[in-house]
Amino acid sequence: MDLTHYPRIRCGHWPTPLEPMLNLSADLGGPELWVKRDDCTGLSTGGNKTRKLEYLIADAIAKGADTVITQGATQSNHARQTAALCAKEKLTCHILLEDRTGFEDPAYRLNGNVLLDRLHGATVSSRPAGANMQAEMETFAAGLEAQGKKPYVIPGGGSNPIGALGYVNAALELTHQLNEMGLKATHLVLATGSSGTHAGLVAGLKILNSPLKVVGFGVRAPKEKQEQMVYDLACKTAAMLGHEGVVKREDVFADCNYVGAGYGLPTSAMVEAVKMLAESEGLLFDPVYTGKGLSGMIDWIRRGHFTADDTVIFLHTGGSAALFGYPETFELEGYVT
Ligand SMILES: *Cc1c(COP(=O)(O)O)cnc(C)c1O
């Protein structure tokens, strides 16, 4: 598989580490647990969008763009990483944030990722929950074109075949790491949202004929919709790379039972999972994606869906900057005396 024909800006710290979680494995008494540290990509506190943006921003520059427009929820990690790479590449960056949760807490509206978006020099404007964000971006782009600018629109989460290439590449990187370490992993677990991460991994692993099973824990859509989104994008991405038909519907699996009341809305299992990892492994996860993904993985271990014979890798997709947008969720007031 040759990815060199796609323009790429190499800005991340690669390969990201693959580390054992010995304490968590012992505490849960289940499978051998590892973490793939895509929170350590090096771009503005890191995260999975870095891999996608290496291809997306390179594509924008190759197409002559001077301006990038993207969208996400208020505490979007994708928006923050887009703002950072645009700053480095001297592109103007406009971010549209959908107010999906309606939270009024000033920390949620201004701290965390929103603070970082603005520090990187992006303009930030808000849209109401339920707005057609793709249409909002296209209207915004048309206005800029009328002023003579050359905008490039990146879909939410950077999830299209170009963005998914970043996770095809991650499948290569992880497979190489496992081979070097002689580690026989059985499952790769991740939080799945706009689908590019999950789709790129499935496409890449199938092209490599890897036996690793990918388990996505949904953070927004119901199971059928999530699996269909991932499947469609994985098929398109594989076809773009000349491997049409390699991804089968049964290669895509999502468990969407850990979303709770909705996207970005805390669950008690998420709070438990984030605290557990912070205290047992010294690792920071996030309230919107990885915390819910972990809550799913932990529940699967407790229910015996993962057994002591399994070796499970959790893909840490980043997002801990959003913790500062959710200060009250973790109920720590009593800890300082
Ligand atoms: C965006 C994001 C995800 C989900 O990735 P998708 O490619 O959108 O499915 C998971 N974790 C974090 C921290 C994210 O920011």
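Numbering of ligands and ligand atoms starts at 1, following listing order. Owing to the predicted nature of the structure, the values given are computational and were not obtained by experimental measurement.
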Inset, instruction - Compare every heavy atom of Q177 with every heavy atom of K36, then report the nearest pair and how far apart it is. - result: NZ-OE1, 2.8 Å
What does the N/O contact table under 3.5 Å look like for ligand 1?
residue: ligand 1; atom: 5 (O); partner: N48; partner atom: ND2; Å: 3.0
residue: ligand 1; atom: 5 (O); partner: T197; partner atom: OG1; Å: 3.3
residue: ligand 1; atom: 7 (O); partner: K52; partner atom: NZ; Å: 2.6
residue: ligand 1; atom: 7 (O); partner: G196; partner atom: N; Å: 3.4
residue: ligand 1; atom: 7 (O); partner: T197; partner atom: N; Å: 3.0
residue: ligand 1; atom: 7 (O); partner: T197; partner atom: OG1; Å: 2.7
residue: ligand 1; atom: 8 (O); partner: S194; partner atom: N; Å: 2.9
residue: ligand 1; atom: 8 (O); partner: S194; partner atom: OG; Å: 2.5
residue: ligand 1; atom: 9 (O); partner: G193; partner atom: N; Å: 2.7
residue: ligand 1; atom: 9 (O); partner: S194; partner atom: N; Å: 3.1
residue: ligand 1; atom: 9 (O); partner: S195; partner atom: N; Å: 2.9
residue: ligand 1; atom: 11 (N); partner: T317; partner atom: OG1; Å: 2.6
residue: ligand 1; atom: 15 (O); partner: K49; partner atom: NZ; Å: 2.9
residue: ligand 1; atom: 15 (O); partner: N77; partner atom: ND2; Å: 2.9

Legend entry - Stepwise side chain to side chain contact (heavy atoms under 4.5 Å, CB included) test for T192 and F253: CA-CA 10 Å; T192 181; F253 175 84; over 6 Å; no
Inset, instruction - With R51 as the cation and Y167 as the aromatic partner, state whether NZ or CZ is under 6.0 Å from the six-membered ring centre and within 45° of the axis. - result: yes
Inset, instruction - Start with the C-alpha distance between T67 and H94, add both sets of side-chain angles, then the distance that settles side-chain hydrogen bond (donor to acceptor under 3.5 Å, both in side chains), and finish with yes or no. - result: CA-CA 8 Å; T67 304; H94 297 292; 5.4 Å; no
Inset, instruction - Tell me whether the centres of the aromatic rings in F217 and Y258 are closer together than 6.0 Å. - result: yes
Inset, instruction - State, yes or no, whether a side-chain contact exists between L53 and I154 at a heavy-atom distance under 4.5 Å. - result: yes
